[in-house]
Number of protein chains: 2
Amino acid sequence: MTTSTAAPPRVLVVEDEESLLFTLAHSLKREGYTVVTASRGDDGLRLAREQKPDLILLDVMLPGIDGIQVCRMLRRDSDVPIIMLTALGGESDRVAGLDTGADDYIAKPFGMRELMARVRALLRRSGARAQPEAEPPVVISGDLQVDRDRREVVRGGEVLRMKPKEFELLLFFLQHPGRVFSREQILNEVWGHDFDGGHRTVDVHIRWLRQKVEDDPSNPVRIRTIRGSGYLFEG
Amino acid sequence: MTTSTAAPPRVLVVEDEESLLFTLAHSLKREGYTVVTASRGDDGLRLAREQKPDLILLDVMLPGIDGIQVCRMLRRDSDVPIIMLTALGGESDRVAGLDTGADDYIAKPFGMRELMARVRALLRRSGARAQPEAEPPVVISGDLQVDRDRREVVRGGEVLRMKPKEFELLLFFLQHPGRVFSREQILNEVWGHDFDGGHRTVDVHIRWLRQKVEDDPSNPVRIRTIRGSGYLFEG
DNA sequence: TTTCGAGTTAACAGCGAATAAACGTTGCTT
DNA sequence: AAGCAACGTTTATTCGCTGTTAACTCGAAA
C-alpha cells in the first residue's frame, strides 16, 4: 500500500536542529535516497501528506507540533514506516514513541551507520522496492567474515566475540578499505554526529580491534596507523 | 536546493586579517572559483545574502559581528555550506563551531592545500555543479604513483615510506610540475599561511624527498634546484 | 678570490600513538 | 532493590617518530 516505485525511495526528515538536519539529508542522499526535509512539526505533517514518502525520520522534540503528535496524526490514515529520533534514551521515551505507532526509534546521539542500517531494514520490511544499495548481509575480507544480520564475526572458522562498538568499527573499515580516515571522520561515522568526547577514544577501540583481528597486534597489518592522518584498513 | 550554476562556484571569504584574506582569495581564484570578500562580520552577513555564494569561509574572530553569530544568523534561512576558520584548535572550539551549524572547521595555522581539499569536498557534497577541478585519487608521474586516499607512494612496484610533510610536499610538486616555486611559496602552500620558521626547513625536506624519489639523490633530476629562485619539479 | 646560496648532517624538542589501567555508566541477574 | 558484569570513555605514562634548527661543507656566480 505504501508507495512503491522503480525510482529511489523518498525519505522525509523532520528535525529542527539545523546541523543534524543537514547531516541526515546528506547521508541519506549519499545512500541514494530522495530526501525531503522539514524543521517544524506542522510542516512535516503537511509534507508527509503531500509527498507520500516511503519512510519518515521524525524528531520527538519539534517546534509547531511535537513528533509524538505528528506520528499519531499520521497513523490515523497511513502506515508509512516511521523512525523516531529521541533525545534521551530513556525507557519512557521509547515506550511513548512506540505507543504512538512508530516502527522504530533511535536515541541521540547515534551513529549515521546505525541509522542507515535501520532505514534500510525498515524499508526492506515494508516491502519498498528498489533498494538504493542492496548491501550484502555478509562482508568478507581475507579470512574475515562479518555477518551484519547475525552481528557476528568469523575468522578462520572461529567466531570472534565482539563488543557493539567494535563490531560497528570493524564493519565500517570493511566497507571502506584502502583509504585513510581521520579520527574525526571515524567518530562522525561510527560514534555519531554530536559525540563530543576526545578523539583518543578511537585509539583505544582500534587497539581492541587489533587484538582480535591481527595476527600480531603489535605489528598490525590489516588496520594500519597512518601517523598524522588516521587509520587505514588494508582490503 | 542550494544554489547551483553552470558557472564556477562562488566563494565568500570573511576574514579580517589582511594578508590571510589576500592569500585565501588568491588561492581560491587560482583554483577557478569566483571570490567575494569581506573583512567584517556584518559585511559578510550582508554579502552572503546579496550574493548567495555556493560556499562561505568564515573566520571565528571578526570585528562587527563574530563568526559564530554570523553562522547562526545565516543558518536561520540558508543551508549554504560553511567552513569556519578557528584560531585555537581546541576541542571546545570545534564543538562550538559545529553546533552553530557549520559544516566543517579548520584550525589555524592551516596549509592552503588542505583548505582547498575541504572546500572541494564540501562543494561536492552539497551537490554544486561545475567542479573546477575533480582531483583524481591517484596522481602519476613517470614511475611515481601517489595515492592520496591511502597516503602512499609507490615507485617501481615498491611502496615508499613517507613522513607526513614529505607526502604533502611531494603531492604538491606532482600537482604543479614544470614550474619554479620559491621557498616562501612552498611554505605557504604546504606548511601554512602563518608558519614563521626559517625557510631552510624546506631545503631539508627537499633533501629527504630526493633521497626517496631520485635515482641519484646527489644529482637530482626530478626535483631540480633553481639557484636563487627555488625548486622545480620536472613533470 | 670572495661571497652567497644550497647541500649535508646531526642534535634536540615536541608531538602523536601505543598501551594499560581506572572510572563511570548501563543493563542484567538474583 | 542490590550486586554484578560488561562496556565505553578518560586519563596517565611510555615510546618512537617527525619537524626544525644550527653548524659545517661545498660549489657556483660575481
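Chain letters run A, B, ... following the sequence lines, proteins first and then strands; every chain starts at 1. This is a predicted model, so every value here is computed, not measured.
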Minimum side-chain heavy-atom gap [X]-[Y] below 4.5 Å:
| X | Y | value |
| --- | --- | --- |
| A:L85 | A:V60 | no |
| B:E234 | B:P177 | no |
| B:I83 | B:D103 | no |
| A:V119 | A:L55 | yes |
| A:R210 | A:T225 | yes |
| A:Q145 | A:V153 | no |
| A:D16 | A:M61 | no |
| A:L62 | A:V14 | yes |

- Item | Salt bridge flag under 4.0 Å for residues B:D66 and B:R72 | no
Can you see if the side chain of [X] gets near the phosphate of [N] - specifically, an N or O under 4.0 Å from OP1 or OP2?
| X | N | value |
| --- | --- | --- |
| B:T225 | C:dG5 | no |
| A:R210 | C:dA18 | yes |
| B:Y231 | C:dG7 | yes |

- Could you name each residue pair satisfying salt bridge (Lys or Arg N to Asp or Glu O under 4.0 Å) that touches residues 168-183 of chain B, not counting sequence neighbours? B:R113-B:E168, B:R151-B:E168, B:R183-B:D203
- Take the C1' atoms of the five end pairs on each side of the helix from C:dT1-D:dA30 to C:dT30-D:dA1, get both axes, and report the angle to 10 degrees. 20°
Euclidean distance, atom [atom1] of residue [X] to atom [atom2] of [N] [Å, nearest integer]:
| X | N | atom1 | atom2 | value |
| --- | --- | --- | --- | --- |
| B:I206 | C:dA6 | CD1 | C1' | 11 Å |
| A:L169 | D:dG8 | CG | P | 11 Å |
| A:R224 | C:dA18 | CZ | P | 13 Å |
| A:R207 | C:dA20 | CZ | C1' | 7 Å |
| A:H199 | C:dA18 | NE2 | C1' | 13 Å |
| B:R151 | C:dG16 | CZ | C1' | 14 Å |
| B:I186 | D:dG19 | CD1 | P | 15 Å |
| B:D203 | D:dG19 | CG | P | 15 Å |

- Item | For DNA chain C, the residues among residues 212-223 of chain A that have a non-hydrogen atom under 4.0 Å from it | A:S218
- Smallest separation among heavy atoms of B:K165 and B:V190, with atom names: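 Looking at all heavy atoms of both residues, the shortest contact is CE-O, 4.1 Å.
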- Nearest heavy-atom approach of B:S27 to B:M116 is CB-CE, 3.5 Å
- Just call it for B:T201: base, sugar-phosphate, or nothing, with non-hydrogen atoms closer than 4.0 Å on any strand.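 If one applies the 4.0 Å heavy-atom cut-off, B:T201 turns out to touch a base.
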For nucleotides 5-7 of chain D, list the nitrogen or oxygen atoms of the protein found under 3.5 Å from its nitrogen or oxygen atoms, one pair per line.
unit_1 : atom_1 : unit_2 : atom_2 : d
D:dC7  : OP1    : A:R161 : NH2    : 2.9

All N/O contacts under 3.5 Å from nucleotides 14-16 of chain D to the protein, with atom names and distances to one decimal?
unit_1 : atom_1 : unit_2 : atom_2 : d
D:dG16 : N2     : A:R227 : NH2    : 2.9

- Only pairs at least two apart or in different chains count here, so list each ring pair (Phe, Tyr, Trp, His ring centres under 6.0 Å) that has a residue in residues 203-235 of chain A.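 Applying ring pair (Phe, Tyr, Trp, His ring centres under 6.0 Å) to every pair that reaches into residues 203-235 of chain A, excluding sequence neighbours, yields A:W191-A:H205, A:H205-A:W208.
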- Task: Can you check whether any acceptor in the base of C:dG16 is under 3.5 Å from a donor in the side chain of A:R200, or vice versa?
- Result: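 There is none.
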- Using the closest heavy atom to pick a nucleotide of DNA chain C for each, name whichever of B:I226 or B:Q211 lands nearer the 5' end.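 Nearest-nucleotide comparison on DNA chain C picks B:I226.
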- Message: I'd like to know whether A:T37 forms a side-chain contact (heavy atoms from CB on, under 4.5 Å) with A:L12, so could you lay out the CA-CA distance, the side-chain angles of the two residues, the decisive distance to 0.1 Å, and finally the verdict.
- Response: CA-CA 6 Å; A:T37 66; A:L12 168 63; 5.9 Å; no
